[in-house]
Every structure is written in C-alpha cells, then in structure tokens.
Amino acid sequence: MKKIFIFCISVGMLFCLTQCNHKMAKIEYPEARTSCDTDVYFGTKVADPYRWMENDTTSEVAAWVKAQNEITQNYLQQIPFRDKLKKRLTEVSNYEKIGLPYKKNNHYYYFRNDGLQNQSVLYQKDELNGKSKVVLDPNQLSDDGTVALNGISFSKDGKYMAYIISRSGSDWAEIYVLDLETGKNTEDHIEWAKFTSATWHGDGFYYSCYPSPEAGKEFSNVNEGHRIFYHQVGTNQAEDVLVYENKQYPRRFYSATSDEDEQFLFISEDGFCNGNNLIFKDLRKENSPFITLTDTKNELYQVVEVIGEDIYFITNDNAPKFRLMKANVNNPQRSHWQEVVPESEHVLESASICNGKFILNYKQNCASHAYVFTLEGEKIHEIQMPTIGNCSFSGSKNEKEIFYSFSSFTFPTNIYKYDAEANQSELYMETKIDFNGSGYLTEQVFFTSKDGTKVPMFITYKRGLNLRGNNPVLMYGYGGFNISVPPAFSAMRIPFLENGGIYAQVSLRGGNEYGEEWHLAGTKMQKQNVFDDFIAAAEYLINENYTNTQKMAIMGGSNGGLLVAACVNQRPDLFKVAIPQVGVMDMLRYHLFTIGWNWAPDYGTSADSQEMFEYLYQYSPLHNIKNDGTPYPAILATTADHDDRVVPAHSFKYMATLQASNTGDAPKLIRIETKAGHGGGMPLDKVIDEYTDIYAFIMYNLGMKPKF
C-alpha cells in the first residue's frame, strides 16, 4: 500500500495557518487498493472493490488503518481549541455518578464512579445510610480500563455473585463467580458467552453462549448456535449441562430469566421477525417439560414477575402500544390469558412489581410518565417527575424500598427514594456538576415530514439565545429496531451548548416512541420514511430560523450511522458536518457478518427478493456516494477494531469509497479506536478522547470560535 504523509510543513507555514483562521491544507488520502470483486443480484452487477477490507485482521488492512488514523490525528491536532475543549470535557465529566440502589439478601448494592474512574465500582451497604464497602472494582481488572462489567446477579442464599465482563468493547462475554464472604473469585470461569445474563437457581446459574469461534475470526464470522447451559459452582465449564437449544433455528437468540423466587425458568427466543417467543419450565417439579407460552412472529412478550401461580407479562399482542397480562402456570394457553391493565393511548415501556404494587412506566410524547397500580390493575396515582425526562425504577415485590433515577437533557441523573403509599418522592442522591442546567431550556416541537406525518423533536439551547438563523446546530437521531431515544443527559454536549450550540434530538419513525405502528413505518420498504423525517427536521430548523445549511451538523450511531450517511448522500446540500458513528454502511452484505442476520426484520436483505434488493441498493450508504463533483459536508466517521456487532469493514469500505470520489474539498476522515467495540463499556478516558475529537471537528467546521 502506498503511504502518503501530509502536514509535514515548516514552522513558518504552521504559523501562517494558525493566523489565517486556521485554514487546513488540502488533504491527500492514503491510496486504497481496488479489486475486481463483483456480485450479481437478480441480474444486476454490483462492484465491491474494497471487499478485501472485510478481512480486517490482515497486515494490508492494518497498514491502511494506521495511515488513516495518522491523517485524522494530524488534522485534529491543528484545531486550535482542541486541547482546551478536552480540558473542559474532562472538567464536566469529573462528577460523582451513582446508579440505582437495590436490595438483595438484606444488603443494598449500587454502582458509583467518583468522577474520572474509567469504570464504575460496585459497592455494598448494610443500611441505606450506612458505611459502604467495595464489592467489585472493574478498574482493577485491566491496566487501561478496557475490561467492562456487563452484569451481575446474586445467588438466592447470598453466598455468591456472578459477574459478566467484556474485553475491549467486544460483545463476547466471560462469567466469573465471586464468593461474597471471602471477597475472592472461585475457580469458575465461563468463556464465549454472548447476549447473556447469569440466572441463578440453587448453587448454579443459567447462561447463553455460542460454540467457540474459529481462531482469527472471532470478531467477524457469523454467530450461529446460541444455546443455554446450566453451570454448577465449583465445576469446569466442560461439565456444564445443555439446557436448551433449537437446532432448527441456529440463527436465533435464546436467553434465560427466572422469577424472584427461582421457581420458574423463562426462555425468550428472538432474532426472527419483530417479536419473540416465550417458553417456560416449572423448576419446582423434577424433569418438568418446557412449555411454549407463545408461538408468534411479530409480537413481543416480557415477563414482569410471578405471583402465586400467575405469570405477569407485558405484550403488544393485539395491543400495539402494549398492555399488562397474566397467565396461570397450570393453564398457560393463550385462550386463558387475562388482561390486567389494558392498552392506553400511550406506549407502556416497562413494568415492575415493587412492594406489592405495579409501577408502570409509559412514554407520553417520548417522555416518561410513571403510575402506581394495584395487582388487580386499578390505577392509584401518577408519580410526579421534576420535568420532561426519562426515569427507571428499582425494587422487588417483597421489599418496601423503591428507588428511581431521573434525567433530562440539562438535568443530570438524580436518584429518588419513593414511598408508594404516600405517593412521595425523596431526593436520595443529587448529582453535583460544573454546569448550571437552569440556564438552558428544552422545548418539544412537532414538524411535518414528507408524507404529512407529524414527528416530534426536542430542542435544547441556552436561555436568551438569539434565534436569527445563524446558530450552530447538532441534530441527532436513530430511527430503528423499536428503540426509543429518550430525553437524557450527556456531559459531552455541555461545551457545545455553552458556546451557543443548539442540540436537536429527533424522535424518528422506526423507534418505539408511539408503539409498533411507529416502528413498522420505518422498516424494510418504509425505511425511506426515517431519512425523510430527519431531512424534514433539518428543514424545519432552518425555516424556523434556528440555523442555516452552513451551521448544521448531524450525528448518529450504528443504525443512526446509517441514517447520517444515507441523508448525506440524499441531501448533501443540507448539512455542513456529518458524524456517522459505527454505521451500517453496506446494506447488501450486512447480514453476512456476526449477528447482522438479526437486523433483517428491520432492513430486509438483498437476497429476499428483487424488489427488496433494489430498495436497499437505492439508499445503501456505500453504494450511493456521488462522484460528480457535488460538494459533500465535512465527514468524520468513527469505528473501532473490536466492534463485532457492526464490523469495522462497513466504515472502512465507506470511507475508502468516499475518499476516492469527487465530493469537494471538505475533509472526509475516519477515526478508528483501538481496544474498543460498538461503544458499550468504553473506559471514560477513551470516551473523553473520542468526543474531544468529534466536537472539535464539529465546532471547527461549523466556524465556531469557542471560549474556554
């Protein structure tokens, strides 16, 4: 591979660039070899000249990655305020963060980060206001903070805690067992687990895993054969008992949960269509069979808890916005189900049983509204939240203590203790941060998309900001997989807001903000609706004098990276800066890697039909980059070497194509993180570094002159 080294300029030239509004030199991108790889889809030939990048462990790919990172870092290092931006991001990140407390075996557990720790630490208290002690510090599991804690669970007798870790951001997981009395690990060690919990029953736990992958292809090969095993503490993994597998469907997921009393095992089967199936086993009876509770394709079922002989669950079966149901373990057939709380006009997001009552958390115009119900389904009262935002609850059916967390765009996460009888909330932990959220406001607007659909958007900015059509805007969206993007706080946005930026978050179709109909309206042959919504949101912000095309930046990750890249191809004139993060860029081959096949219910695949192929081909970001001199915005794509969910080849091929195309002089760069994955579990120092680069790129290319 030919390497081109740039920015080797004299001190005098560097001084000139610094004084002349920091104008960057023209970027010469590393050459990327092209091949003759071609696929034929229903008679249409599609070239794939960078197919070799899919084998991302080769020395050739490594050399290309190294050259790209050098060019990107050289560019970013010339941004004059980058160091001060990093300093400010570090300052606003340095605050105490406490997770939701919960009670288990007469102890209280919670996660805490003292400010700049890479990973949050698990603590235990004997009394709610008593002294804390460390149970597990993930920062001690690696020298650089790249080992993350993915989950914990406790044995019913309180003797053991299973904990799940991931390394370098990978979806692959390992499970260890901690003896809570000695504070030391047992010899138990589970490998090649994935998309799993550790569900205790007696002196062991259920977990999900795949067969050991082929060496060298751990992060790219298709994942098949998800199975559930039972591990007895004190034994080797090779002795674990296979509990459940379905060889008929190797490309489905199987996850195990149980009720609080460990009387029933529930298995959720998903990874097909838009729903899941629910299977259960009565653990009170020896050799009891697995009983299929549901057998559907597009309905979702989530177990809440078991009380007596009744299984309570929420579902969108005949209720697109979800309802609360119950089924008796002795007569679990659908014909015997009973409705406890019917579907409402708002989406039921979650349900829990706390201190003998239901707490149902609804989304009303994309924000949380929580209510207390009796076990018979009678509404008692609403839990009043501080403002528009997002909340989640912690509690158990037999414990009096109930906690919830609450956050919003300018409201960091606070923890509240809730008295369900008196309907009163007491502030338990207030976040103290170097940021005055009261100086900012959030408004929710509704704009009209291309087909006439009303779509909501949250807009946050500094109070008193002059809206004269020239403000820098960062617009964010996701729009897929039935996932809602709630109002939430991020310290990473603070410097942008402090310097006059406007943050806009769009509640796109494809998510679950308004139930299953809203979701389906952004899937498969309706995917263009998502792009139309995002484009219409940008046009609204321009027409309403928030901003203009020269001040508009867009960002999104994963499916949101696809969103950003597709919208840039379709309307390059509308945006000045684009940040596609870990994006799905090759819509014709995405299903051939790791768990990409699981996205087919939302996307469809190029093998489904000629009609589906043609639809994907017309918006696939990789295949629709213009090459006719049309100016594109400044683009900084991000990915990571251990991303085994959206493999980095998506971004590699996209960026190689973009750099080789005639799209104007604005920078087209890629930032490739090492020892990181799809985003989860990334240590805080890497998060700060990444968002320093992202916001420096955004603010510089929007012409902002921040004051720090």
Side-chain angles (χ1 to χ4, degrees), residues 255 257 266-280 291-307 310-329 331-354 357-380 382-383 390-393 453-454 456 479-486 507-524 526 601-602:
S255 56
T257 58
F266 295 96
I267 293 177
S268 176
E269 177 190 52
D270 57 21
F272 62 97
C273 298
N274 290 304
N276 71 306
N277 281 321
L278 202 57
I279 303 159
F280 82 98
I291 298 174
T292 299
L293 190 64
T294 65
D295 186 16
T296 59
K297 290 184 177 181
N298 293 306
E299 287 73 40
L300 291 164
Y301 307 89
Q302 180 182 336
V303 174
V304 177
E305 185 52 273
V306 177
I307 299 179
D310 290 325
I311 304 168
Y312 289 86
F313 57 96
I314 60 174
T315 179
N316 61 357
D317 188 346
N318 281 331
K321 294 182 179 178
F322 291 86
R323 57 179 172 166
L324 179 65
M325 305 285 288
K326 70 177 180 179
N328 190 276
V329 296
N331 294 289
Q333 296 80 11
R334 194 183 185 288
S335 59
H336 295 290
W337 293 358
Q338 296 180 34
E339 184 177 78
V340 181
V341 178
E343 180 185 24
S344 80
E345 62 178 318
H346 304 295
V347 177
L348 175 57
E349 186 172 26
S350 64
S352 55
I353 298 181
C354 300
K357 294 181 176 61
F358 283 113
I359 294 181
L360 303 187
N361 196 358
Y362 288 86
K363 282 193 296 288
Q364 297 183 20
N365 286 328
C366 314
S368 291
H369 287 257
Y371 300 85
V372 178
F373 284 76
T374 67
L375 294 183
E376 292 70 38
E378 179 185 352
K379 184 190 293 184
I380 303 174
E382 180 176 3
I383 303 172
N390 185 54
C391 68
S392 59
F393 286 81
T453 300
K454 292 291 184 181
F481 297 97
N482 212 19
I483 295 172
S484 300
V485 184
S507 304
L508 302 162
R509 280 178 283 183
N512 189 38
E513 285 83 355
Y514 293 102
E516 184 62 7
E517 293 178 1
W518 191 257
H519 166 225
L520 293 177
T523 63
K524 290 188 175 178
Q526 288 75 46
D602 250 51

Spatial distance of atom [atom1] ([X]) from atom [atom2] ([Y]) [nearest 0.5 Å]:
X: Lys379; Y: Leu360; atom1: NZ; atom2: CG; answer: 9.5 Å
X: Ile314; Y: Ser352; atom1: CD1; atom2: OG; answer: 10.0 Å
X: Glu343; Y: Phe322; atom1: CD; atom2: CZ; answer: 9.5 Å
X: Ile267; Y: Leu278; atom1: CD1; atom2: CG; answer: 9.5 Å
X: Leu348; Y: Thr315; atom1: CG; atom2: OG1; answer: 10.5 Å
X: Tyr312; Y: Lys326; atom1: OH; atom2: NZ; answer: 4.0 Å

Between [X] and [Y], is there a donor-acceptor pair closer than 3.5 Å when you use the side chain of the first and the backbone of the second?
X: Asp310; Y: Val329; value: no
X: Glu513; Y: Val485; value: yes
X: Asn298; Y: Asn274; value: yes
X: Asn316; Y: Leu300; value: yes
X: Ser268; Y: Ser255; value: no
X: Lys321; Y: Ser344; value: no

Acceptor/donor pairs from residues 368-376 side chains to any protein atom, 3.5 angstrom cut, sequence neighbours excluded:
residue : atom : partner : partner atom : Å
Ser368  : OG   : Asn390  : OD1          : 3.2
Ser368  : OG   : Cys391  : N            : 3.1
His369  : ND1  : Glu382  : OE2          : 2.9
Tyr371  : OH   : Gln364  : NE2          : 2.7
Thr374  : OG1  : Glu376  : N            : 3.3
Thr374  : OG1  : Gly377  : N            : 3.4
Thr374  : OG1  : Glu378  : N            : 3.0

Derivation and outcome, side-chain contact (heavy atoms from CB on, under 4.5 Å), residues Arg509 and Thr453: CA-CA 10 Å; Arg509 280 178 283 183; Thr453 300; 3.1 Å; yes
[X] side chain near [Y] side chain, heavy-atom distance below 4.5 Å:
X: Asp295; Y: Arg334; result: no
X: Asn512; Y: Lys363; result: yes
X: Ile311; Y: Tyr301; result: no
X: Ile279; Y: Leu293; result: no
X: Phe358; Y: Val341; result: no
X: Tyr514; Y: Pro456; result: yes

Donor-acceptor pairs under 3.5 Å, side chain of residues 515-524 to any protein atom, not counting sequence neighbours: which ones?
residue : atom : partner : partner atom : Å
Glu516  : OE1  : His519  : ND1          : 3.2
Glu516  : OE2  : His519  : ND1          : 3.2
Trp518  : NE1  : Leu508  : O            : 3.0
His519  : NE2  : Asp602  : OD1          : 2.9
Thr523  : OG1  : Leu520  : O            : 2.9

Val306/Phe280 under side-chain contact (heavy atoms from CB on, under 4.5 Å): CA gap, chis, key distance, verdict: CA-CA 12 Å; Val306 177; Phe280 82 98; over 6 Å; no
side-chain contact (heavy atoms from CB on, under 4.5 Å), paired with Trp337, selected from Asn328, Asp317, Asn331: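 Option passing the side-chain contact (heavy atoms from CB on, under 4.5 Å) with Trp337: Asp317.
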Considering all heavy atoms, the nearest Ile291-Pro332 contact: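 Minimum heavy-atom separation between Ile291 and Pro332: CG2-CG, 4.1 Å.
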